[in-house]
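Side chains included, hydrogens not; waters and symmetry mates left out as well; all remaining heavy atoms used. Keep in mind that what you see is a predicted model, and the values were worked out from it rather than measured.
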Amino acid sequence: MWPCIFALSIAGLGKYTTQGSAFLIMMILGGAIIPPIQGKLADIIGIHQSYFIPVICFAYLAFFGWAVRVS
């Protein structure tokens, strides 16, 4: 999914394409932050309940895909 997300995210930025792609690359940090947050939550409330964190992330990705398609 990453190539599609990246391409859709920087489409139409015009002169801000380089800045937008830089911010997008910096957001890869989410892959380094979300798993430890889910792990800590799993330790506190349980593994099954901790999966609401990735569900929220995937729901946002689905919303982003829908919003870009509609625009």
Go through the structure and list residues passing side-chain contact (heavy atoms from CB on, under 4.5 Å) with Ala42, not counting sequence neighbours. Ile47, Ser50

Identify, with sequence neighbours excluded, every residue that meets side-chain contact (heavy atoms from CB on, under 4.5 Å) alongside Gln19.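 side-chain contact (heavy atoms from CB on, under 4.5 Å) check on Gln19 returns Tyr16, Phe23.
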
If you group Ile, Leu, Val, Met, Phe, Trp and Tyr by side-chain heavy-atom gaps below 4.5 Å, do [X] and [Y] land in one group?
| X | Y | answer |
| --- | --- | --- |
| Tyr51 | Ile56 | no |
| Ile44 | Ile37 | yes |
| Val55 | Ile45 | no |

With a 4.5 Å limit on heavy-atom distance, are the side chains of Ile34 and Cys57 in contact? yes

Return the CG to CG distance between Leu8 and Leu24, rounded to the nearest 0.5 Å.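 Taking CG in Leu8 and CG in Leu24, the distance rounds to 10.5 Å.
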
Roughly how far, to the nearest 0.5 Å, is CD of Gln38 from CG of Asp43? 10.5 Å

Please name the pair of heavy atoms, one in Leu13 and one in Gly20, separated by the smallest distance, quoted to 0.1 Å.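 Heavy atoms only, the tightest pair is CD1-CA, 3.8 Å.
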
